[in-house]
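These notes are about the structure you will find just below.
Below, read A as the first sequence line, B as the second, and so on, with proteins coming before strands; counting in each chain starts at 1.
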Amino acid sequence: MTSTPDRAIERYNAKDAEPRWQQAWDAARLFETQNEDPRPKYYVLEMFPYPSGRIHVGHVRNYAMGDVVARYKRARGFNVLHPMGWDAFGLPAENAAMERKVNPREWTYANIATMKKQLQSMGLSLDWSREIATCDPDYYRHQQRLFLDFLEKGLVTRRTAKVNWDPVDHTVLANEQVIDGRGWRSGALVEQRELTQWFFRISDFAEDLLSALDGLDRWPEKVRVMQKNWIGRSEGLEVRFSLSSAPAGAAEAVTVFTTRPDTLFGARFLAIAADHPLAATLAADRPDLQTFIEECRRLGTAQAAIDTAEKLGFDTGLTVRHPLDPSWTLPVYIANFVLMEYGTGAVFGCPAHDQRDLDFANKYGLGNTPVVCPEGQDPATFTITDTAYDGDGRMINSAFLDGMTTDAAFSAVATRLEAEGVAETKIQFRLRDWGVSRQRYWGCPIPIIHCDACGPVPVPVADLPVKLPDAVSFDIPGNPLERDHAWRNVPCPKCGAAARRETDTMDTFVDSSWYYARFTAPWLQDAPTDRGAVDHWLAVDQYIGGVEHAILHLLYSRFFMRAMRETGWSGVSEPFAGLFTQGMVVHETYKDAAGAWVPPAEIRLDNEGGTRRAFHVGTGAEIAIGPIEKMSKSKKNVVDPDDIIASYGADTARWFVLSDSPPERDVIWTEEGVQGAARFVQRIWRLVNLAAHTDGQTQGADAPLRKAAHKALAAVEEDVERLRFNRCVAHVYTLVNALDEALRAGSTRKVAAEAAGILVQLIAPMMPHLAEECWTALGRDGLVADAPWPAVERALLVEDEITLPVQINGKKRADVTVPSGADKAAVEAAVLADEAVQRALEGRSPKKVIVVPGRIVNLVV
RNA sequence: GCGGACGUGGCGGAACCGGUAGACGCACGAGACUUAAAAUCUUGCGGCCGCAAGGCCGUGCGGGUUCGAGUCCCGCCGUCCGCACCA
């Protein structure tokens, strides 16, 4: 049987091979993309990393996936753009500066150098000639230009807004950085401060950002739903309730937004937010009211997450007239559940049909009037006690609306109030404008100069970039830009008088909102983008990253493309045509007897008899195996990609992260799994070498092998296109098993080497170094990374004969083999002639025969 | 509370439009080779009954549609994720 000569095949040495092939690709400049290349374009992009210091396995997974797509598409004849850069501004650099007295810029660039080396050791097919770092003045000068252009187009505004202010660190905190009302670093009680801030007017695009989601059919449904909810469109009516007697200095009326004008006759009260201007006016000379407002604010920030928050109200003593019946007045409350940020900061309370209003009304004895009667309920007896009814029905107790449906009542009220000039139909969005001002040093300076005479004046384009000063100190809390007088004090570009630079920098989400566009022509000196390049490459064909960016980054980028379209920097509106959100890499946790976390590197696992036990490599003490969790420094359940690559090689690491789980789900990093991947690398190496030198003569073994190779090829094609890498891996295993079997059976060298060649091309996108080494072993010319994808021989995919399962009353009783082209009658005849079928029929004759061609036969008796 | 996803062997998972449930891998058992170990190879591996042939049960639970349901419908249970006083 085994006619393969006993050749000593050396083990594949990844440590030696991987750098060698990386150099070969570099030397051939294989991944440097030309914009002018006539082949069809394909833009693959993974979310660029923050240079935190070292890459983690999550990066390995993310970039391995992108690399499979990039290498595959390149083999399929596309001009692939696959760039990489650094999301390099951000708070950690400033924290490092404070803790370790290092310059943020030096810290960042040192991290970039380290991480670039790590990424290069992965063998990714990246075009490093297009590398960008957002902290580079060559990048952020263009961002400043975009800011100025947006400003000119009215897409940027400046206004006051409330921010979370950390009085110890002297900085604004994002909501996520406020924990239980305290700053996440300082632990100080966070204050709400009014600050003048720059805003991008993303809400101007709310309607378009929402409706265009429907066209993003290559985005996960989940992400589209999240964005839809985030934008939060609701249709309703803005209604003015005039005050019976307006206090001095207050408006004559309170405007309310409602999505249920049909229930207006069920109104019992009006409630305004604690931050409503009317509340402030009233509080001016009323300390009790001031106290209440303070209380509301504290509750708002300190216990944002409370779901049982009690409804609190303060009766102002004011009343408003009902817009549909001026003789009817309603009391005005200040209520803690009304948000100034949404709608008009005022609501009318309809207790019968809104649970929140009902809770409030019941607490303050305001009663309720049901005005919508559910279908099948008797209006005469329909009452509400402690559960509001928010469904549809017939109008009752509602004067001219009685008997209408809720929809009809909505329209009737809207028509009437609009005619009277006391209301307008309004579409309200939850989406708010994007505040981009940050009181921090390590970010893109906002290119504005404040002049006492001229106000905020844009820095002239010719003066860009506004560069960050290098010599800064973080000895004193707060933004060093404010203390840097040499940097800060400049003449007004308009009038020449003494003026001051804006010391706020931009939110780092701005940096990542357009980097993918910059990649299309990163060499441009005097413009952010080149229209030809940007319109050619965008949208990104496949964008890959974590779900944690489902809303902010992806929504901001969609806004940015629209704003760049308005300012002429892009002809495209949607940045990402295809989006894929990959799962995390998770790992078991380990705890020693003292309860301290133990890192996986210090663990030896034992699986004797199927019982998993862990021991400490140093002490030998048994370690408790804990739950599988997201890798985190605090639980020490992290593995370092450098260690993995050093001991197993990049291909093994890449293969493992692609193999074990569907890419959108979490993958559990296990030592056993990595070892399995490492063994497979050797197995491929061994089989490919055997195939290259076999002197098998059994031609009967050839046909099944060719069939297996082309089946695997077709299957991998389909699954790479759909990013189902775990299935690709399974197809490769199947082909390897077939090759192994064929070699044992004596397959000829010609066919074995041809099948091995296909195998090598299949693994090339996933394990590129091993693939090159195998390609050479097979005596093939050039680089497999540059070889065109093999063509599937479709004829090999069709079977001559097919084995159909035969069911009797839905239970499988036999298998019958028929020619694959057999028609239903022939199949039926063959089935009924089958011995096992006849035995199972026990003399009965089928009442019905269902033949599903190529699938199954079911006999009903 | 609202919205979404998911639930299949010891484990990760596969199963396309309703058509052989458990592909492929990991782990584990038995055996071969070896002084030994590693590596490699052979072989078994959902449960129950059986020497076997074979049979019965089985995709979170309960019902339904269908010749046929992991897949579709209704109702539960559980897990995860997102949003959350949104008027």
Protein-nucleotides 41-43 of chain B N/O pairs closer than 3.5 Å?
unit_1 : atom_1 : unit_2  : atom_2 : d
C41(B) : OP1    : R686(A) : NH2    : 3.3
C41(B) : O3'    : R744(A) : NH2    : 3.4

Pairwise N/O distances under 3.5 Å, protein to nucleotides 45-52 of chain B:
none

Atom pairs under 3.5 Å: protein N/O with N/O of nucleotides 63-67 of chain B:
unit_1 : atom_1 : unit_2  : atom_2 : d
C67(B) : O2'    : N858(A) : ND2    : 3.3
C67(B) : O2     : N858(A) : ND2    : 2.5

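Listed pair N737(A) / A23(B) fails the phosphate criterion, with no side-chain N or O lying under 4.0 Å from OP1 or OP2. Between K811(A) and the phosphate of A69(B), there is no side-chain N or O to OP1/OP2 separation shorter than 4.0 Å. At the phosphate of G25(B), neither OP1 nor OP2 sits under 4.0 Å from any side-chain N or O atom of Y733(A). Residue R724(A) places none of its side-chain N or O atoms closer than 4.0 Å to OP1 or OP2 of G13(B).
Within the structure, salt bridge (Lys or Arg N to Asp or Glu O under 4.0 Å) contacts touching residues 338-356 of chain A (residues at least two apart or in different chains) are D354(A)-R356(A). Residue pairs meeting the side chain to side chain donor-acceptor pair (under 3.5 Å) criterion with at least one member in residues 675-684 of chain A, sequence neighbours excluded: R683(A)-N737(A), R683(A)-D740(A).
How far OG of S203(A) is from CZ of R430(A): 13.0 Å, rounded to the nearest 0.5 Å.
Closest to the side chain of Y342(A), out of C83(B), U20(B), A87(B), is A87(B). Among the nucleotides A87(B), A27(B), A14(B), the one closest to any side-chain atom of N607(A) is A27(B). Set against A87(B), A27(B), G13(B), the side chain of R679(A) has A27(B) as its closest nucleotide. Taking every side-chain heavy atom of V225(A) into account, G3(B) is the closest of G3(B), U20(B), A87(B). Taking only side-chain atoms of R11(A), from C-beta outward, the nucleotide of A39(B), A87(B), G12(B) with the closest atom is A39(B).
Atom name P, nucleotides U71(B) and C6(B): the rounded distance is 13 Å, in whole Å. Nucleotides C57(B) and G70(B) are separated by 16 Å at their C1' atoms, to the nearest Å. Only the P atoms considered, G46(B) is 13 Å distant from C24(B), to the nearest whole Å. Comparing G58(B) with G22(B), their C1' atoms sit 11 Å apart, to the nearest whole Å. Going from the C1' atom of G13(B) to that of U59(B) covers 13 Å, rounded to whole Å. Comparing the C1' positions of A38(B) and C33(B) gives a spacing of 13 Å, expressed to the nearest Å. Annotation: G12(B) and U34(B) have their P atoms spaced 39 Å apart (nearest Å). Spacing between U43(B) and C51(B) at atom P, rounded to whole Å, works out to 25 Å.
With its glycosidic angle more than 90° from 0, G63(B) adopts the anti conformation.
One can place CZ of R722(A) at 7 Å from C1' of C16(B), the figure rounded to the nearest angstrom. Nucleotide C83(B) holds its P atom 13 Å from the CG atom of L555(A), rounded to whole Å. One can place CD1 of I628(A) at 13 Å from C1' of A27(B), the figure rounded to the nearest angstrom. As a whole-Å value, the separation of M226(A) CE from A5(B) P is 13 Å. When rounded to the nearest whole Å, the span between CG of N229(A) and C1' of A84(B) equals 11 Å.
Relative orientation of the H322(A) and F241(A) rings is perpendicular, given thresholds of 30° and 60° on the angle between their planes.
For V837(A), the side chain to side chain contact (heavy atoms under 4.5 Å, CB included) test picks out V806(A), A814(A), V816(A), V831(A), D834(A), L841(A), L859(A), with sequence neighbours left out. The side chain to side chain donor-acceptor pair (under 3.5 Å) search around N726(A) returns none, not counting sequence neighbours. For E235(A), the side chain to side chain contact (heavy atoms under 4.5 Å, CB included) partners two or more places apart in sequence, or in a different chain, are R233(A), I427(A). Considering only residues two or more places apart in sequence or on other chains, S632(A) meets the side chain to side chain donor-acceptor pair (under 3.5 Å) condition with S634(A). For M631(A), the side chain to side chain contact (heavy atoms under 4.5 Å, CB included) partners at least two apart in sequence or on another chain are V57(A), V585(A), H587(A), N637(A), V638(A), V639(A), W669(A). In this structure, W230(A) has no ring-ring contact (aromatic ring centres under 6.0 Å, His included) partners at least two apart in sequence or on a different chain.
Residues R813(A) and I856(A) each lie close to RNA chain B; by heavy-atom proximity, the contact nearer the 5' end of the strand is made by I856(A). Nearest-nucleotide positions on RNA chain B for R855(A) and S659(A) put S659(A) closer to the 5' end.
K228(A) comes within contact range of no nucleotide atom at all, as no heavy-atom separation falls under 4.0 Å. V849(A) comes within 4.0 angstrom of nothing in the nucleic acid, heavy atoms only.
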One character per nucleotide, please: for nucleotides 6-11 of chain B, 5' to 3', B when the base has a protein heavy atom closer than 4.0 Å, S when only the sugar-phosphate does, - otherwise. ------
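The partner of G44(B) is C28(B), judged by Watson-Crick or G-U wobble contacts that both fall below 3.5 Å. A 3.5 Å limit on both hydrogen-bonding distances identifies C74(B) as the Watson-Crick or G-U partner of G62(B). In this structure, C16(B) makes no Watson-Crick or G-U wobble pair, since no nucleotide meets both defining distances under 3.5 angstrom. Base pairing of G3(B) is made with C81(B), judged by Watson-Crick or G-U wobble geometry with both donor-acceptor distances under 3.5 Å.
Under a 4.0 Å N-O distance rule, the pair K222(A)/E664(A) does not qualify as a salt bridge. Salt-bridge check for E718(A) with R722(A): passed, with a basic side-chain N closer than 4.0 Å to an acidic carboxylate O. Of the charged side-chain nitrogens involved, none lies within less than 4.0 Å of a carboxylate oxygen, so that E741(A) and R744(A) do not count as a salt-bridged pair.
A donor-acceptor pair under 3.5 Å is formed between the side chain of Q227(A) and the backbone N or O of A550(A). Of the possible donor and acceptor atoms, none in the side chain of D666(A) sits under 3.5 Å from a partner among the backbone N and O of V586(A). A distance-only check finds no donor-acceptor pair linking the side chain of E717(A) to the backbone of A712(A) [under 3.5 Å].
Residue-to-nucleotide contacts include a donor-acceptor pair under 3.5 Å from the side chain of K311(A) to the base of C85(B).
The neighbour count for K363(A) NZ, taken as heavy atoms of other residues, nucleotides or ligands under 6.0 Å away, is above 12.
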